[in-house]
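See below for the structure under consideration.
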Amino acid sequence: MGVVNVTPDSFYDGGRHADARTAIEHARRLVEEGADLLDVGGESSRPGADAIAPDEELRRVLPVLDGLREVGVPISVDTAKPEVMRAVLEHGAAMINDITALASPGALATIARSEAAVCLMHMQGRPRTMQAEPVYADVVAEVRDFLAARAAACCAGGIARERIMLDPGFGFGKTVDHNLALLARLDDIAALGFPVLAGWSRKSSLGRITGRPAEDRLAGSLAVALLAVQRGARMVRVHDVAATRDALAVLAAVESAS
Ligand code: HH2
């Protein structure tokens, strides 16, 4: 899953493709590099980020969706707002990636009425304050139980199992130790029986581990992509598609030899 942030303030690529034309060019490049799916986002969810109005989010995202109709891969939209979901589904989005796991009133029903896929992500708190002091008794069990409950609510609300994927939400209300515990035991989340998405690309936990700024976290991001797939992730959400594909091709070659 290649990341296309149409924002001025995303933590890594904020402002790099904030207008529709450059975002579309960037998205096409990610597809040429081998992305199977694109995740278009109009609102940053980095720690400390303020929410934006639905109108502004749509102003950013809709022209990009319209420009990507013929891009050849499905488009996911990263949003938590039902009014944004409704509009992007009409503009061809095939999946909604919701960092709040369809918590907003009306969000679940909106997806149930559509044929779209949905990614349900775990987050403790909200982006403005989530990194202040995240606390868990058992992070893996709590995240697993939350995702299981949200998936069950979606199924009960009319969203077929096959349309659902789960994401533990690395970096969303989690310390480095929480993120590492979730990565080490990602197979516990995969055991719920839904495809798992993992998003570590260039995140600050990698900065804590390697001492490097976001621009220099490619090697760390590739290492985590491999580890996540080895532990059961079916999809990785990344900024660097070509390099990630190469790393995963090596992993696949080794696994088919063993
Ligand atoms: N991470 C980010 C945003 N959306 N969605 C899912 N499902 N999983 C993630 O790990 C995830 C996500 C944050 O990364 P990015 O989009 O690059 O930054 P920003 O939120 O600052 O736009």
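Just so you know, ligand 1 is whichever comes first in the structure, and atom 1 is the first atom listed for that ligand. Because only heavy atoms are used, hydrogens play no part in the values below, and waters and symmetry mates are left out as well, while side chains stay in.
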Checking Glu56 now: which residues fulfil salt bridge (Lys or Arg N to Asp or Glu O under 4.0 Å) with it, not counting sequence neighbours? Arg59, Arg60
Residues in salt bridge (Lys or Arg N to Asp or Glu O under 4.0 Å) contact with Lys81, at least two apart in sequence or another chain: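 Only Glu43, Glu57 meet the salt bridge (Lys or Arg N to Asp or Glu O under 4.0 Å) criterion with Lys81.
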Hey, would you say the Phe172 and His122 ring centroids sit under 6.0 Å apart?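 Here the rings of His122 and Phe172 have centres that are no less than 6.0 Å from each other.
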Which residues, ordered by chain and number, are linked to Leu218 in its hydrophobic cluster, where ILVMFWY side chains connect at heavy-atom gaps below 4.5 Å, directly or through other members? Leu222
Can you confirm whether more than 12 heavy atoms, excluding those of Glu115, are under 6.0 Å from its CD atom?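 No, the 6.0 Å shell around CD holds no more than 12 heavy atoms from other groups.
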Does some side-chain heavy atom of Leu251 sit less than 4.5 Å from a side-chain heavy atom of Gln230?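 With C-beta onward as the side chain, the pair touches.
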Please list, by chain and number, the protein residues whose heavy atoms come under 4.0 Å of ligand 1.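 Around ligand 1, where the cutoff is 4.0 Å for heavy atoms, the contacting residues are Asn5, Ser10, Phe11, Ser44, Ser45, Arg46, Asp78, Asn97, Ile99, Cys119, Met121, Asp167, Phe172, Leu197, Gly199, Lys203, Arg237, His239.
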